[in-house]
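This report refers to the structure that appears directly beneath it.
The analysis underlying the following values was restricted to heavy atoms, covering all of them including side chains, and did not include hydrogens, waters or symmetry mates. Counting convention: from 1, in listed order, for ligands and their atoms alike.
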Amino acid sequence: MREKQTADLLLSINAVTLQPEDPFTWSSGIKSPIYCDNRLIMSYPAERQKFIDLFVSYIKDHFPEVEVLAGTATAGIPHAAWIADRLDLPMVYVRSSSKGHGKQNRIEGKLNKGKRVLVIEDLISTGGSSIEAAKSVEDAGGKVLGICSIFTYELPLAEKAEKESGYSLHSLTTYSFLLKTALENKQITDEQLKLLQQWREDPEGWMSV
Ligand SMILES: O=P(O)(O)OC[C@H]1O[C@H](OP(=O)(O)OP(=O)(O)O)[C@H](O)[C@@H]1O
Ligand SMILES: O=C(O)c1cc(=O)[nH]c(=O)[nH]1
């Protein structure tokens with residue numbers, strides 16, 4: 001099962017760090033006791049192949065019509081590159097803002113108008129970065145089929161952003177699967193599970209409790 005395999009792989013390379021006593025600050029400003037660093041996948045060639053296998057099988061099942069892969073800067077870029085290579089498809093990447101010199105591009109690579117594009121992100125917290133990237137792809141004339149990431153925190157904020165934007169968000173695995181797998185693998189305790197579930201109920205209010 002894809003969700004479990006992805007969660008196992010993330011845990012096997014120690015991509016997930018718990019630090020409730022010194023919370024992480026996310027790109028959205030949210031404080032969190034957990035951080036998932038999918039950038040580490042780059043450094044593990046055997047596991048990397050398995051992540052690409054999982055991504056490619058997901059894309060073949062859900063987006064067989066895709067014509068271009070668009071990686072989000074920076075963490076989505078290597079994944080988009082590996083997938084595009086495996087599927088023998090063109091790739092572009094989307095900067096978080098337009099470059100301030102040179103060609104001033106927001107999107108790098110050649111994106112032909114009307115092409116069916118799948119946005120590749122490493123992870124969805126609030127969904128803000130990937131939805132912004134999808135909008136830039138459409139501004140440049142691409143037709144976005146959806147946004148696909150390795151992992152989602154399943155936050156209500158992301159669900160709201162998904163509904164409001166109209167872009168569909170897809171992930172190989174979820175926060176619930178990750179916690180379940182970590183508990184089964186004895187990589188977290190019942191107490192840590194409880195804290196992580198409580199945080200997920202109210203991430204924005206968690207620090208003030
Ligand atoms: O769903 P969101 O709330 O937008 O958060 C998720 C984004 O945040 C992280 O990127 P970061 O801004 O840390 O930059 P990086 O990809 O360059 O490391 C992550 O790689 C996602 O792109
Ligand atoms: O939202 C983020 O910035 C974020 C969260 C996380 O767990 N991992 C990551 O790379 N970014």
Worked verdict on S12 versus E47 for side-chain hydrogen bond (donor to acceptor under 3.5 Å, both in side chains): CA-CA 9 Å; S12 76; E47 287 79 2; 4.5 Å; no
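- Checked by atom type, the side-chain pair S149/S171 shows a donor-acceptor distance below 3.5 Å.
- Summarising the geometry of A7 relative to F177, their closest heavy-atom pair is CB-O, 4.1 Å, with the distance given to 0.1 Å.
- Counted within 6.0 Å of CD on E191, heavy atoms from surrounding residues, nucleotides or ligands total 12 or fewer; the atom is thus considered open.
- Protein residues are said to neighbour a ligand when one of their heavy atoms lies under 4.0 Å from it; for ligand 2 these are W26, S27, Y35, C36, R39, L123, S125, Y153.
- Counting non-hydrogen atoms of other residues, nucleotides and ligands closer than 6.0 Å to NZ of K99 gives a total above 12.
- Salt bridge status for R2 with D61: present, with a side-chain N to carboxylate O gap under 4.0 Å.
- Considering only heavy atoms from C-beta on, I150 comes within 4.5 Å of L10 through its side chain.
- Using a cutoff of 4.0 Å between basic side-chain nitrogens and carboxylate oxygens, E132 and K135 are scored as salt-bridged.
- Across R116, K113, K143, a single residue satisfies salt bridge (Lys or Arg N to Asp or Glu O under 4.0 Å) together with E67, and that is R116.
- The immediate protein surroundings of ligand 1, defined as residues with any heavy atom under 4.0 Å of it, consist of S27, R39, A73, T74, A75, E121, D122, L123, I124, S125, T126, G127, G128, S129.
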